[in-house]
Asks: 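I'd like to ask you about the structure that follows.
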Amino acid sequence: MPAARWRVAKDAGTAVYGEPGKRPLLALACSNGTISAIRPVADRDGAKAVLAFVGYRGILRLRVQNDGGAWIGSLPADDPHWRAVTGGPFYATVAGGGKVITPGPGEAIRMFEACKAPETERLVPSV
């Protein structure tokens, strides 16, 4: 998809991949230190699957659920598995949802960095 590219929303909390003016192929959204991956492909409401991100730096298998219009799953922004997405070109695939191949995170990398919770907000286990 030659015209597809990453765009970051004005609030810098959401990055979308796709052709300008068309429905995004993939979205990554930050909220309170958590990144949600959204693959807008309809399926049975409540259906569960795994959205796999495969990149040069690893594989992220994200559990997702369909809300009737999109596959959605979340992980903390500082989870090391996100490096599959932030290390260069990657693809994302979910059963019945096809494969989205991206040239890398592009503009989305800033959203990942901004989404990580400050050290002071992280919980430290008691000993």
Side-chain angles (χ1 to χ4, degrees):
M1 194 154 288
R5 61 184 173 90
W6 282 102
R7 296 180 316 279
V8 177
K10 291 178 183 174
D11 67 0
T14 303
V16 295
Y17 181 75
E19 292 184 48
K22 293 188 178 180
R23 185 176 185 187
L25 299 170
L26 183 66
L28 300 170
C30 171
S31 178
N32 298 320
T34 298
I35 295 178
S36 295
I38 302 124
R39 175 72 172 108
V41 174
D43 204 318
R44 182 178 44 85
D45 189 10
K48 295 180 182 180
V50 171
L51 175 59
F53 292 93
V54 180
Y56 291 148
R57 296 179 65 196
I59 298 172
L60 164 59
R61 292 174 183 91
L62 183 65
R63 292 181 181 155
V64 292
Q65 185 166 337
N66 203 292
D67 65 3
W71 292 103
I72 304 167
S74 303
L75 275 178
D78 60 357
D79 188 296
H81 292 96
W82 281 119
R83 67 183 189 173
V85 175
T86 60
F90 69 90
Y91 70 84
T93 185
V94 65
K99 183 190 290 187
V100 176
I101 302 170
T102 78
E107 295 288 319
I109 199 74
R110 282 188 240 138
M111 187 271 305
F112 271 93
E113 292 304 317
C115 192
K116 291 180 182 177
E119 291 292 326
T120 55
E121 292 182 20
R122 295 188 186 145
L123 297 176
V124 178
S126 57
V127 284

Asks: Ignoring hydrogens and geometry, is there a side-chain-to-backbone donor-acceptor pair from R44 to N66 under 3.5 Å?
Replies: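 No; judged by distance alone, with no hydrogens or angles, the pair does not exist.
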
Asks: Taking all non-hydrogen atoms of both residues, which atom of S31 and which atom of C115 are closest, and how far apart?
Replies: N-SG, 4.2 Å

Asks: If hydrophobic clusters are built by linking Ile, Leu, Val, Met, Phe, Trp and Tyr wherever their side-chain heavy atoms come under 4.5 Å apart, do I59 and Y91 end up in the same one?
Replies: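 In one cluster with I59: Y91, yes.
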
Asks: To the nearest 0.5 angstrom, please state how far the CD1 atom of I35 sits from the NZ atom of K116.
Replies: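 That separation rounds to 8.0 Å.
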
Asks: Does V16 sit in a hydrophobic cluster with other residues, and if so which ones, taking ILVMFWY side chains as linked at heavy-atom separations under 4.5 Å, directly or through other members?
Replies: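 Traced through the cluster, V16 reaches no other member.
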
Asks: Please give me the minimum heavy-atom distance between R23 and G69, naming the atom from each residue.
Replies: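 The answer is NH2-O, 3.3 Å.
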
Asks: Is the shortest heavy-atom distance from the side chain of L28 to the side chain of M111 under 4.5 Å?
Replies: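 They are in contact (side-chain heavy atoms under 4.5 Å apart), so the answer is yes.
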
Asks: Please report the shortest heavy-atom distance between I38 and P40, naming the atom on each side.
Replies: O-CD, 3.5 Å

Asks: Side chains of W71 and L26: does their closest heavy-atom pair fall under 4.5 Å?
Replies: no

Asks: Check for me, please, whether L62 and I72 land in the same ILVMFWY cluster - side-chain distances under 4.5 Å, paths through other members count.
Replies: no

Asks: Shortest non-hydrogen contact from G58 to A84?
Replies: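 The answer is O-CB, 3.2 Å.
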
Asks: Give the ring-plane orientation class for W82 versus F112, where under 30° counts as parallel, over 60° as perpendicular and anything between as tilted.
Replies: perpendicular

Asks: Side-chain heavy atoms nearer than 4.5 Å, only ILVMFWY residues, links allowed to pass through others: does that put L75 and F53 together?
Replies: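 In one cluster: yes.
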
Asks: Testing the basics here: between W6 and A108, what is the closest heavy-atom pair and its distance to 0.1 Å?
Replies: CE3-CB, 3.9 Å

Asks: Scan for disulfide (SG to SG under 2.5 Å) pairs involving residues 41-102, sequence neighbours excluded, and state none if there are none.
Replies: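 For residues 41-102: none.
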
Asks: Closest heavy-atom contact between Q65 and K48?
Replies: OE1-CE, 3.7 Å

Asks: So, does R39 use its side chain to make a donor-acceptor pair with the main chain of L25 at under 3.5 Å?
Replies: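 Yes; at least one donor-acceptor contact below 3.5 Å.
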
Asks: R61 and side-chain contact (heavy atoms from CB on, under 4.5 Å): which partner among V50, V54, L51?
Replies: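 Answer after filtering V50, V54, L51: V50.
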
Asks: Find the distance between CG (D79) and OG (S74) and round it off to the nearest 0.5 Å.
Replies: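 Taking CG in D79 and OG in S74, the distance rounds to 11.5 Å.
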
Asks: Donor-acceptor pairs are to be reported for all side-chain atoms of residues 92-106 against protein atoms at under 3.5 Å, with residues two or more places apart or in another chain.
Replies:
from: T93; atom 1: OG1; to: G98; atom 2: O; distance (Å): 3.2
from: T102; atom 1: OG1; to: F90; atom 2: O; distance (Å): 3.3
from: T102; atom 1: OG1; to: G104; atom 2: N; distance (Å): 3.3

